[in-house]
Every structure is written in C-alpha cells, then in structure tokens.
There are 2 protein chains.
Amino acid sequence: MLRKVGYKDIKREVFNRIRQNEWAPGELLPGEVVLAAEFGCARATVNRAMQELSDDGIIDRRRKGGSRVKLTPVRQATFEIPLVKSEIESKGAIYTYQLISSIKEVAPLWLQKQLSLSAYTRVQHIQCIHYADDRPYQYEDRWINHNTVPLSAEFDFNTQSPNEWLVNEVPYTNAEVRFSATISDVKIAQALEMANGEAVFKAERTTWLSDEPVTFVTLYFVKGYEMLISY
Amino acid sequence: MLRKVGYKDIKREVFNRIRQNEWAPGELLPGEVVLAAEFGCARATVNRAMQELSDDGIIDRRRKGGSRVKLTPVRQATFEIPLVKSEIESKGAIYTYQLISSIKEVAPLWLQKQLSLSAYTRVQHIQCIHYADDRPYQYEDRWINHNTVPLSAEFDFNTQSPNEWLVNEVPYTNAEVRFSATISDVKIAQALEMANGEAVFKAERTTWLSDEPVTFVTLYFVKGYEMLISY
DNA sequence: ATTGATATTATGTCTATACATAAAAATTAT
DNA sequence: ATAATTTTTATGTATAGACATAATATCAAT
C-alpha cells in the first residue's frame, strides 16, 4: 500500500528535478496548486516543502511571481559560532583562561572608524588567552563599547572571559565575521607559544544591538587550527 | 485595535524571553498548547514559531520531552559557497582562468586514505589558477574520482574550470570544508605571484554522492583574502 | 506614452481538527 | 528489583477552508 506523501517527499522530489536539470536555473516552477494536484496532497503541504527549499537557498519565491530555481543554486552551509570554552571542552580538553589586561580607554581612531563610533567614545579593551589542556588555543583581543554595555567597565574579567560574559549578558541583533590568514608577530607568537612568522588563522567579529555597535573582537588561533563545516 | 498574533510575533516574544533570561538555558518551556492559550492562537501557529526557533538553533525540541532552551544558545550563521567565477565577478572584476595541468593517475596513498578509496582507484588530478582582473586570486588543486565521475577523464578543462564544470554537471549529497591558515611554499607563491612564507587562507573541500567520494579540492587564496559572513 | 485605478493571482499565514509517532511515565509481569 | 508492557503526552505532520498581501497584469483616463 502506498504511503501518504509528506512535505519531505515533495521537497526531495522537487530538489531532484532541479538537480537533474528537469527544472533549470531561472525557470518558473509550477504553482503550489498544480503541484498539490500532482502529488495528491493539500496545498499547505506543498507550501511547507517549497518554503523550506527557499530557506535552503535552492529556489526563490515571490508573491504573484511564483517560484523559480535560483540562478546559482548555491548550497548554503550553516555553522555554529560556539563559545571557545564549549569548543575546547567538546574536544575533551580542559579549558582554562587567563586575563592579560583590561583597560578602560578612549577608542583609538581605527576603532572609531571600524565601529562608526563618535569621537571620545569610551571602550573597554581586554586581552586574554584561552587554553586547552594548558596549551594556548586562542588569543582574544576585544573592545567593548561602554555606551551600549556600561556594565563592562565594572565587571571583573578575571572571573569569566569576556566572550562568555558577553554571550550570557549582552544580546545582539546582528553580527559579522571576517576570517583570514595572517603571520604571527612577536606578541601573538609569544601568547600562543609558537614561533614568529607562523601561519595564524584569524577571525574578526563585530556585533551590533539594533545598529549600536556592541563589541569588536579579533581572535588568533593557534598554529594548525582548522574550522570544519559539514553540510 | 489589536492585530492578530502571527508566528513571527510568537517567535520574537519567545526569543526575547530567552534572551532576557526569563527562560534560562536548559529550562523546559511551556508546551505548545499552553503557549497557544497564552497568545490566543492555534497550536499550529505556536508550532511553526517553535519549529523555526529550533531550526535557528535557539531551542531543542523532543517529542514528549517538550522544548527547552539550548544550553549554549549559539546562533547559527549561514553562508554560501559561491563559484569562484561568481565571487570574482560580483566584486566587479573580470574573471579569467588558466589550466596548469590535468593528469589521469592512480590515487596517491594519502588521497586513498582521505577519501577512503580502494587501492588503485584512478583519479583526475587538476591544477589551475583563477584570476581577478588578471591578478591571481585562487590556486586550485583538485582530485576527481573516476569511479563516480568517469566523464572527468575526457572533459577538456581548458574550456571550463573543474569548479564550474562539477557544479553544473555533478550532483553531491553532502560536503565538508576545512578552513585553515598556512604558509606559502614555492609552488603556491609562484602561482599566486607572492613572496615565499606569506600567510595563505586555505580551504579543503570534500564532497560525496551518497557515500561515494566525488572530489577533494584544496584552494589557496591570495594574500589578504577575507571570507566575510554576516548573520 | 504615461499615469493611475482595478482586477487578478501566487504565495503567506491562520484555524480547527485529526491522526501519527517518539519517548517518558506508569503499570504489570517476571 | 528488574524487565516487559501499556498508557500518556508533547511534538510532528496533514487537511480543508479562509482571508491577507504583494506584485503583476489589465484597463481606463489623462
């Protein structure tokens, strides 16, 4: 006996037709009513399938315009931005952390530009190292906007890393990360206990709370670090 | 007059309560029926809101177990894996491409291990360079499995890059990318017209078609390259 | 030809209801 | 006590019907 078709069946079938070029990039797909008739199910079921395909970046949908196959049906990969602590512990290592400095100061010019801050905005500048099994794992160089996060001026970052504290205490609405490769300079090399001139994986993250910059952080990962994404 | 509550309102409200620690990490949330009563809507509406929060990585849901706030409410970022060609053209630069070599050979040992290939599996080894405005942008070092993609033995990769050809012709079911930083050796430095010992952003991607390895590629990006992700 | 009003249409969303299913909880058998 | 079985429950999914909404298409007026 034939099983009832579910939205997952429809999703798979439509995806296959797209993959096999039965429906080519840019092409207008049949409407939900038509597909519902073909698959013998309710329109709502087709709707859910198509909506997820849209979320997955396979098709574009517009009211009245209908659904069409994306011109570049790029698959989207999702990856999680974990807490360093969780990341380290999930590898079975013991997490420790050391604060190097926490200074209240006026935002330097480059940071003003980077975060579109007004002049003389005060920021908290924090530098620290995250360890996995007592070996350096990540060097964190962070700036927190006093205007949006006044509490940062008082908190004792010896007890908890700014990373963890912010995640737990300060919400954000949107963020941006820039990944790149760089060469270890003296400061980084010393902090991460590696030679000078080594390849370092670098991440620069900025977060905002409804257009107000919250924090800017540069993370330097120890030599050999890999960021893995499956999809 | 009050508007009807939609699933987006519920999603936002629940998210806010979680952010403001009204519902803490690990905590069991009210069931869908309860929430539906509170918000004065149908259970299906709450269901959609909660399902999306689950997709977004905010909460965990289990049948009978109910929904709870994720212990580490990590936000997921989605990013697209673009075609090099599209990536370059979207920056307003002119894309060109040069094939260096395309050789049919038996998979070397390290690749056999990497892709879990049986011994003596034949592969196509392709090396090429992608240019933006005639300046090197990316060096591609690719291996294609002849068993899964026999056509790769015949195709003339002078006319189209393996990247583009594969995306258009060969489907895959899952993939894995590893991003890291490395130092340019002689070969890479020469290909990307940069000095020896510079920092290079590296990506290694493996794709499978239902457990059959399709291709393994190492991409080296020119000095200064940044991968940007917003979320 | 251009503008503006109006109709049309495909998707977006909500509802009430029903049944499915996984997993925890309670109960019974060993 | 422990294992096997049944019950309960929260989520998962499907449906028919309804109305909302955005965007296109059409047609009328300038």
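Naming convention: chains lettered A, B, ... in sequence-line order (proteins, then strands); numbering from 1 in each chain.
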- [ ] Scan B/Gly65 against the nucleic acid and name what it touches under 4.0 Å (heavy atoms): base, sugar-phosphate only, or nothing.
- [x] nothing

Open item on the list: Just N and O in the side chain of A/Lys8: are any of them under 4.0 Å from OP1 or OP2 of D/dT13?
Closed with: yes

Task: Whole-Å distance separating the CG atom of A/Asp60 from the P atom of C/dT11 - done: 13 Å

TODO: Could you tell me the separation between the CE atom of B/Met50 and the C1' atom of D/dT13, rounded to a whole number of Å?
DONE: 17 Å

Task: Atom-pair distance (NZ on A/Lys11; P on D/dT13), nearest Å - done: 11 Å

Task: Rounded interatomic separation in angstrom, taking CD from B/Glu32 and P from C/dT17 - done: 17 Å

- [ ] Compare every heavy atom of B/Val123 with every heavy atom of B/Asn145, then report the nearest pair and how far apart it is.
- [x] CA-CG1, 4.2 Å

- [ ] Could you state the atom-to-atom distance from CZ of B/Arg61 to C1' of D/dT9 in whole Å?
- [x] 14 Å

Open item on the list: Is the phosphate of C/dG12 approached by A/Gln51 (side-chain N or O, under 4.0 Å from OP1 or OP2)?
Closed with: yes

Task: Position toward the 5' end of DNA chain C (nearest nucleotide), A/Arg62 or B/Lys64 - done: A/Arg62

Task: Value in whole Å for how far the P atom of C/dC14 lies from CD of B/Glu52 - done: 10 Å

Task: side chain to side chain donor-acceptor pair (under 3.5 Å) partners for B/Glu13, two or more places apart - done: B/Arg17

Open item on the list: Counting primed atoms plus P, OP1 and OP2 as sugar-phosphate and everything else as base, spell out the protein contacts along nucleotides 15-20 of chain D at 4.0 Å heavy-atom distance: B, S or - for each nucleotide, 5' to 3'.
Closed with: BS-B--

- [ ] Keeping the roles fixed (side chain from A/Thr45, backbone from A/Gly6), state whether a donor-acceptor pair exists under 3.5 Å.
- [x] no

Task: A/Ile10 CD1 to C/dT11 P, straight-line distance once rounded to whole Å - done: 13 Å

TODO: Could you tell me how the ring of A/Trp110 sits relative to the ring of A/Phe216: parallel (under 30°), tilted (30 to 60°) or perpendicular (over 60°)?
DONE: perpendicular

- [ ] Check whether any side-chain N or O of A/Ser67 sits under 4.0 Å from OP1 or OP2 of C/dT11, and answer yes or no.
- [x] yes

TODO: Respond yes when some side-chain nitrogen or oxygen of B/Asn47 is under 4.0 Å from OP1 or OP2 of D/dT13, and no when none is.
DONE: no

Task: Flag side-chain contact, heavy atom, 4.5 Å: A/Ile59 against A/Met50 - done: yes

Open item on the list: Is the ring pair A/Phe155/A/Trp165 parallel, tilted or perpendicular, if the boundaries are 30 and 60 degrees?
Closed with: parallel

- [ ] Rounded to the nearest angstrom, tell me the gap between atom CG in B/Leu28 and atom C1' in C/dA24.
- [x] 12 Å

TODO: Measure the shortest side-chain to side-chain distance between A/Phe157 and A/Ile144 over non-hydrogen atoms and say whether it is less than 4.5 angstrom.
DONE: yes

